[in-house]
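Only one structure is covered here, and it is reproduced in the block below.
We count ligands from 1, going down the list as the structure has it; atoms in each ligand are counted the same way. All figures in this text were calculated on a predicted structure; none of them were measured in a lab.
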Amino acid sequence: MNVNSWSENLVIEHWPKRDPNSHKGNHGKVGIIAGSQLMPGAAALCAGAAVESGAGLTAVNTVRTVIPIVAGHVPEATFYHRDDDLNGFMEGKDVIAAGPGLGRLSDDIIEDLITNFDGPLVIDADGLYELRSHEVIIRKRTAPLIITPHAGEMARIINEDIEYVTGNRYEAAEKLAIDYGIYVVLKGPETIVAEPNGTLWVNHTGNAGLAKGGTGDVLTGMILAFIGRYDDIQPAVSSAVYMHGYAADYLIEHGEAMESVTASKVIKILSSSFQRLIN
Ligand SMILES: NC(=O)C1=CN([C@@H]2O[C@H](COP(=O)(O)OP(=O)(O)OC[C@H]3O[C@@H](n4cnc5c(N)ncnc54)[C@H](OP(=O)(O)O)[C@@H]3O)[C@@H](O)[C@H]2O)[C@@H](O)CC1
Ligand SMILES: Nc1ncnc2c1ncn2[C@@H]1O[C@H](COP(=O)(O)OP(=O)(O)O)[C@@H](O)[C@H]1O
């Protein structure tokens with residue numbers, strides 16, 4: 001098994017410099033399909049993390065009632081009604097993430113994206129609920145697919161129990177990545193990024209303060225923004241995972257109690273985390 005560590009030096013080496021002559025269109029036109037009436041926060045956290053991670057243009061596709069809530073938290077985002085034609089939302093997007101707080105009744109959206117969106121696609125959370133039933137269209141897809149399951153979601157995708165996944169993390173991530181030809185981000189302490197060829201990258205940042213609802217939604221927004229800014233998928237995904245954990249570690253260094261780490265605080269400290277490590 002080919003297991004590597006994604007280190008601080010690799011994050012710095014791959015960090016894309018912001019060209020002084022660039023404009024917003026050069027830093028990723030990213031789309032987020034997230035949120036539902038009872039989970040508006042997932043969309044707000046995902047969009048907030050994308051904006052704070054450097055995405056040039058962030059568009060959010062969500063239900064009508066959730067738009068004012070997300071806009072109140074992320075005025076930089078633009079919006080698209082969930083009921084409107086999905087092709088219109090896909091148009092012009094460099095990368096799309098779908099799933100946080102989506103609810104489990106929106107699988108037609110996931111199927112449509114896998115089949116018809118020709119850029120990198122990130123699927124997380126509720127978007128993963130029926131993933132196993134899409135094996136055939138996933139194998140046919142040519143553009144990159146990145147999935148970000150926690151152990152519970154991974155167990156459902158591979159039809160094993162959670163104990164199997166937690167006891168066989170490397171094997172499970174490697175096998176699924178190769179079988180489906182996708183990038184698998186198996187979350188948890190020491191998150192693993194598996195490439196479609198089976199190469200594994202393990203992350204060593206982060207702490208148990210992250211074990212709280214919403215931090216995965218933040219990671220999805222970061223992965224989305226990083227993919228929008230990088231040339232290659234794996235360095236983007238591994239660096240986003242690294243900086244998500246690094247920001248949580250930085251909160252603890254700043255005197256935050258592990259109990260009081262929140263997804264919103266992770267977003268707020270991203271800027272100084274990037275500043276300390278990179279700039
Ligand atoms: N503010 C908002 O709007 C928020 C919205 N959110 C949205 O909620 C939606 C549901 O997402 P979810 O991950 O909470 O699904 P959920 O059905 O509980 O888990 C499925 C199974 O997996 C298990 N399991 C979970 N993690 C595990 C682990 N690390 N290691 C091992 N097992 C683990 C879990 O086990 P259990 O917790 O029962 O022990 C259960 O059996 C999703 O759309 C998300 O975006 C949240 O982000 C919160 C903030
Ligand atoms: N004990 C831990 N140590 C380090 N990172 C953790 C720990 N627990 C959770 N995390 C990280 O926090 C995030 C949780 O994501 P997820 O389970 O999808 O939560 P949610 O869906 O509520 O946002 C993941 O990035 C995971 O790697």
Side-chain angles (χ1 to χ4, degrees), residues 6 32-49 53 60 62-63 65-66 69-70 73-74 97-107 109-110 122-132 146-169 172-173 184-193 201-224 226 237-252 258-259 261-267 270:
W6 193 252
I32 293 167
I33 306 179
S36 50
Q37 195 146 11
L38 299 180
M39 293 186 279
L45 291 166
C46 188
S53 298
V60 179
T62 194
V63 296
T65 51
V66 166
I69 299 171
V70 180
H73 287 274
V74 193
L102 191 64
R104 289 174 182 168
L105 300 174
S106 301
D107 192 55
I109 295 178
I110 301 300
V122 183
I123 305 181
D124 179 34
D126 291 333
L128 298 171
Y129 198 65
E130 300 289 351
L131 197 80
R132 191 152 40 104
I146 302 97
I147 66 167
T148 58
H150 57 53
E153 290 156 342
M154 184 72 172
R156 185 176 167 84
I157 296 167
I158 64 173
N159 201 20
E160 295 279 359
D161 54 29
I162 293 178
E163 291 66 38
Y164 172 83
V165 173
T166 48
N168 299 275
R169 286 167 50 78
V184 176
V185 182
L186 180 53
K187 296 185 291 194
E190 311 257 297
T191 291
I192 297 163
V193 176
W201 297 90
V202 61
N203 180 65
H204 302 296
T205 60
N207 59 72
L210 285 171
K212 190 176 278 179
T215 55
D217 307 326
V218 169
L219 178 66
T220 297
M222 293 181 69
I223 289 175
L224 175 76
F226 277 54
V237 175
S238 291
S239 295
V241 170
Y242 185 99
M243 291 310 304
H244 179 257
Y246 183 95
D249 292 342
Y250 204 18
L251 282 171
I252 303 299
M258 228 178 254
E259 289 73 11
V261 168
T262 63
S264 301
K265 287 177 186 168
V266 171
I267 295 175
L270 284 180

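Closest protein heavy atom to atom 17 (O) of ligand 2: H150 CD2, 3.4 Å. For atom 31 (C) of ligand 1, the closest non-hydrogen atom of the protein is A151 CB, 3.5 Å. The protein heavy-atom contact nearest to atom 17 (O) of ligand 1 is R104 NH2, 2.9 Å. In this structure, atom 7 (C) of ligand 1 lies nearest to the protein heavy atom M39 SD, 3.4 Å. Looking from atom 25 (O) of ligand 2 to the surrounding protein, the closest heavy atom is H244 CE1, 3.3 Å. Atom 18 (O) of ligand 2 has K187 NZ, 2.7 Å as its closest protein atom, hydrogens excluded (heavy atom only). The nearest heavy-atom contact from the protein to atom 22 (O) of ligand 2 is G214 N, 3.0 Å. Of the protein's non-hydrogen atoms, the one nearest atom 41 (O) of ligand 1 is I162 CD1, 4.2 Å. Scanning the protein heavy atoms around atom 14 (C) of ligand 2, the nearest turns out to be T215 OG1, 3.2 Å. Among all non-hydrogen protein atoms, the one lying nearest atom 10 (C) of ligand 1 is D126 OD1, 3.8 Å. Of the protein's non-hydrogen atoms, D217 OD2, 3.9 Å is the one closest to atom 46 (C) of ligand 1.
Between E259 and V261 there is no side-chain heavy-atom pair separated by less than 4.5 Å. I157 places a side-chain heavy atom less than 4.5 Å from the side chain of I147. Side-chain contact between I252 and N207: present, with at least one pair of heavy atoms (C-beta onward) separated by less than 4.5 Å. Counting heavy atoms from C-beta outward, M243 and F226 have side chains that approach closer than 4.5 Å.
Of the candidates L210, N207, L219, L210 brings a heavy atom nearest to atom 9 (C) of ligand 2. When the options G216, G188, G209 are ranked by their closest heavy atom to atom 23 (O) of ligand 2, first place goes to G216. Within the set G152, S264, G214, the minimum heavy-atom distance to atom 33 (C) of ligand 1 is found for G152. The residue from A42, P189, A155, P40 that puts a heavy atom closest to atom 2 (C) of ligand 1 is A42. Between the choices E163, H150, K212, the shortest heavy-atom distance to atom 24 (N) of ligand 1 belongs to H150. Scanning A240, G206, A208 for the heavy atom closest to atom 1 (N) of ligand 2 points to A208.
Side-chain atoms of D126 come within 3.5 Å of backbone atoms of G103 as a donor-acceptor pair (strictly under, hydrogens ignored). The backbone N or O of L210 lies less than 3.5 Å from a partner atom in the side chain of T215, making a donor-acceptor pair. The backbone N or O of R156 sits less than 3.5 Å from a side-chain atom of R132, completing a donor-acceptor pair.
The closest approach between any non-hydrogen atom of A125 and ligand 2 is not below 4.0 Å. Using a 4.0 Å cutoff on heavy atoms, M154 does not count as a contact of ligand 1. Within the 4.0 Å heavy-atom cutoff, G103 does not count among the residues contacting ligand 1. Ligand 1 is never approached by G188 to a heavy-atom distance shorter than 4.0 Å.
An N or O contact shorter than 3.5 Å is missing between D124 and ligand 2 by distance. On a distance-only criterion, D217 and ligand 2 share at least one N/O pair closer than 3.5 Å.
Atom-to-atom distance recorded for L102:CG and C46:SG is 11.0 Å, nearest 0.5 angstrom. Taking CE of M154 as the reference point, atom CZ of R169 lies at 9.5 Å (rounded to 0.5 Å). Q37 contributes atom CD, which lies 10.0 Å from atom OG1 of T62 (distance to the nearest 0.5 angstrom). Taking CG of L128 as the start and CG of D124 as the end, the distance is 6.0 Å to the nearest 0.5 Å.
Of the protein's heavy atoms, none falls inside 4.0 Å of atom 14 (O) of ligand 1. For atom 38 (O) of ligand 1, the protein comes within 4.0 Å by no heavy atom at all.
Under 4.0 Å from ligand 2, the heavy atoms of T191 that appear belong solely to its side chain.
Under a 4.0 Å criterion applied to the non-hydrogen atoms of G99, ligand 1 contributes the atoms 43 (O).
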